[in-house]
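Residue numbers count from 1 along this sequence. Everything quoted here is computed from the prediction, not taken from an experiment.
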Amino acid sequence: MKKDNLGQPSLSHAATPDEAGAGPEGEGQAVCIEAGLGRGEQPLAFMTGVAMDYPAAHATPWHAHERCQLLYAVQGVMVVQAATGRWTVPPTTAVWLRPEIEHRLLMQGAVKVRSVFVTADAAMGLPERDGVLHVSALLRELIAQAAQLGLHVCATRRGRLLAELLLEELRGQHELPFHLPWPEDTRMAAVCEAVLADPANSQDADGWARALAMSSKTFQRHFRHSAGLGFGRWRQQARMMAALDALLQGQAIAQVALQAGYESQSAFTLAFRHTFGVSPARFRERMRSV
């Protein structure tokens, strides 16, 4: 597991060794942020929390945890990039990660992150795969409380009841299609990074194939095998992910459409509705009302 050397975020409670950084590469043993203990040591509590505030454009190094993790941004939008995919996380959603999943956080503006860590035994009935979940108003408050209590969520009867209610409320949340699969092939991953850096780039599969000195058929075969879906479908999903942050920031839908690579607002609206089941305008209204 890579160390949770999280740079210079501000902490809403006393930092554990992992939050403060585990020292230079190769020095000492990384400490689990979720437990405040060395790896292999088992805390008594089935749930712990942490609250961290990050500046704009901050990126954490790749790291992993021994427990399941629920990542939630009470303010701002973050991108969670993991070996299993990539998710854009607005303030009405949270990312659920299984234990030992390598990931990092990318901040789209200043972000206040609240995390809850749960033992595998306590996670029965919760998602068995990584993904994005809806966050109800009640769940939002429960996550905030657990994060504030930190390592002492289960130290009191009230805390234990809060933790039990949080898990019960979490089991009732539905998964959302905010997932962007990430290819394992380094060449295909480089293409994906380029697309995300400029979603409006119109270069198609043939163009990328030429850039990689391979036939279009070979490129499509490699991409589908590595990412799990074809390049065209992946690019459309990537454009939708890129559009979410702009919509939440209040940018005009026509402007968002152009930035996402669509020639017209109507074409963008059609693609957005196909992906998320609602129009961009309705999606933004829902995000603001939660």
Side-chain angles (χ1 to χ4, degrees), residues 1-16 18-22 30 33-34 49-65 69-97 101-117 130-135 139-140 143-144 146-148 150 176 178-182 189 192-199 237-251 255-256 259-260 283-284 287-288 290:
M1 181 179 84
K2 293 182 177 66
K3 290 183 292 217
D4 283 332
N5 183 8
L6 303 183
Q8 300 298 325
S10 63
L11 305 174
S12 298
H13 64 78
T16 65
D18 238 7
E19 293 166 338
I33 187 174
E34 65 270 27
V50 65
M52 304 184 74
D53 299 340
Y54 294 95
H58 182 82
T60 72
W62 287 89
H63 62 284
H65 306 288
Q69 182 181 16
L70 183 69
L71 275 160
Y72 175 63
V74 296
Q75 180 179 314
V77 176
M78 65 179 167
V79 173
V80 179
Q81 185 176 354
T84 52
R86 188 180 181 114
W87 300 270
T88 298
V89 193
T92 54
T93 66
V95 167
W96 175 258
L97 295 176
I101 296 296
E102 293 278 339
H103 63 281
R104 66 171 179 166
L105 311 182
L106 311 173
M107 309 305 156
Q108 309 293 305
V111 183
K112 297 181 181 295
V113 179
R114 304 297 180 258
S115 287
V116 173
F117 300 92
D130 310 317
V132 173
L133 301 173
H134 174 69
V135 174
L139 183 58
R140 179 177 66 235
I143 293 172
Q148 184 177 15
L176 299 171
F178 289 9
H179 175 238
L180 187 65
W182 203 255
C192 292
E193 290 286 2
V195 171
L196 288 178
D198 182 16
Q237 188 77 353
R239 285 174 167 177
M240 292 299 101
M241 297 296 102
L244 290 178
D245 184 30
L247 286 171
L248 291 170
Q249 290 179 3
Q251 294 185 25
Q255 180 182 358
V256 175
Q259 291 175 350
F283 173 84
R284 184 155 55 192
M287 293 297 102
R288 287 173 174 173
V290 176

Check: Do Val95 and Asp130 have side-chain heavy atoms sitting under 4.5 Å apart?
Finding: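 They are not in side-chain contact.
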Check: Looking at side-chain heavy atoms only, is the closest gap between Leu180 and Leu196 below 4.5 Å?
Finding: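 The answer is yes; the side chains approach within 4.5 Å.
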Item checked: ring-ring contact (aromatic ring centres under 6.0 Å, His included) against Trp87, all qualifying residues, sequence neighbours excluded -> His179
Checklist line | Residues which pass side chain to side chain donor-acceptor pair (under 3.5 Å) with Gln81, listed by chain and number, not counting sequence neighbours | finding: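 If we apply the side chain to side chain donor-acceptor pair (under 3.5 Å) test to Gln81, skipping adjacent residues, the hits are Arg86, Arg104.
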How long is the span from the [atom1] atom in [X] to the [atom2] atom in [Y], to the nearest 0.5 Å?
X	Y	atom1	atom2	answer
Gln259	Asp198	CD	CG	10.5 Å
Thr93	Leu71	OG1	CG	10.5 Å
Met107	Asp53	CE	CG	10.0 Å

Minimum heavy-atom distance [X]-[Y], with the two atoms named:
X	Y	answer
Arg239	Ala260	CD-O, 2.8 Å
Trp182	Cys192	CH2-CB, 3.7 Å
His134	Leu139	O-CD2, 4.1 Å
Ile101	Ala82	CG2-CB, 3.9 Å

Next item on the list: Among Leu97, Leu105, Leu70, Val50, find the residue that satisfies the side-chain contact (heavy atoms from CB on, under 4.5 Å) test when tested with Ser115.
Entry: Val50
Checklist line | Sequence-distant partners of Ala144, side-chain contact (heavy atoms from CB on, under 4.5 Å), two or more places apart | finding: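 Partners of Ala144 by the side-chain contact (heavy atoms from CB on, under 4.5 Å) criterion come out as none, since no residue qualifies.
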Note to self: Checking the side chain of Arg114 only, and the main-chain atoms of Tyr72 only, is there a donor and an acceptor separated by less than 3.5 Å?
What the structure shows: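 Not at all, since once roles are kept as given, no pair shorter than 3.5 Å links the two residues.
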Notebook entry, point to check: Parallel, tilted or perpendicular: which fits the ring planes of His65 and His103, with parallel below 30° and perpendicular above 60°?
Noted result: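 Answer is tilted, since the angle falls between 30° and 60°.
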